[in-house]
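In what follows, a single structure is set out as structure tokens and then discussed.
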Amino acid sequence: MGSALFKVSHGNTSAQATINKAEREQYIKGAFEVNCLDWVAGKNVLLVDDVFTTVAMANEATKTLKTARAGKNYIYTLGRVIVVKGLGS
């Protein structure tokens, strides 16, 4: 996808729901890159994600955007994973 503003630069990130928080943070580290710096520098950016599992993706994406000199970053998610301890076993 050559015209994408943001791209995943390694691997398949869809399996993140099955790994713990520490593994997810390590897995997502360095995963994003900005394809067109001119589209980002000095501009506010809205990221849209399907599910907010942990803050790992948001932190890494924001870090990448700050490096690209983006303005403010906003994150909109459609759903949130809620873990309830003590149920099921």
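Atoms considered below: every heavy atom in the structure, side chains included; atoms not considered: hydrogens, waters and symmetry mates. This chain uses plain numbering: 1 for the first residue, then up along the sequence.
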Practice problem: Could you walk me through whether Asn44 and Asn73 pass side-chain contact (heavy atoms from CB on, under 4.5 Å), step by step? | Solution: CA-CA 6 Å; Asn44 297 335; Asn73 301 305; over 6 Å; no
Practice problem: Answer yes or no: is there a side-chain heavy-atom contact under 4.5 Å between Thr62 and Ile75? | Solution: yes
Practice problem: Could you list the residues that satisfy salt bridge (Lys or Arg N to Asp or Glu O under 4.0 Å) with Lys63, not counting sequence neighbours? | Solution: Glu60
Quiz item: Do Leu37 and Val34 pass the side-chain contact (heavy atoms from CB on, under 4.5 Å) test, and can you show the C-alpha distance, the side-chain angles, and the key distance before you say yes or no?
Solution: CA-CA 6 Å; Leu37 294 175; Val34 174; 4.1 Å; yes
Self-check item: Hydrophobic cluster partners of Phe52 (side-chain heavy atoms under 4.5 Å)
Solution: Val55
Exercise. With sequence neighbours left out, write down each residue that passes side-chain contact (heavy atoms from CB on, under 4.5 Å) with Asp49, or none if nothing qualifies.
Key: Met57, Thr77
Practice problem: Starting from the C-alpha separation in whole Å, work towards a yes-or-no answer on side-chain contact (heavy atoms from CB on, under 4.5 Å) for Tyr76 and Leu46. | Solution: CA-CA 7 Å; Tyr76 179 80; Leu46 171 64; 4.0 Å; yes
Self-check item: Sidechain-backbone polar pair: Lys66 side chain, Lys72 backbone, donor-acceptor under 3.5 Å
Solution: no
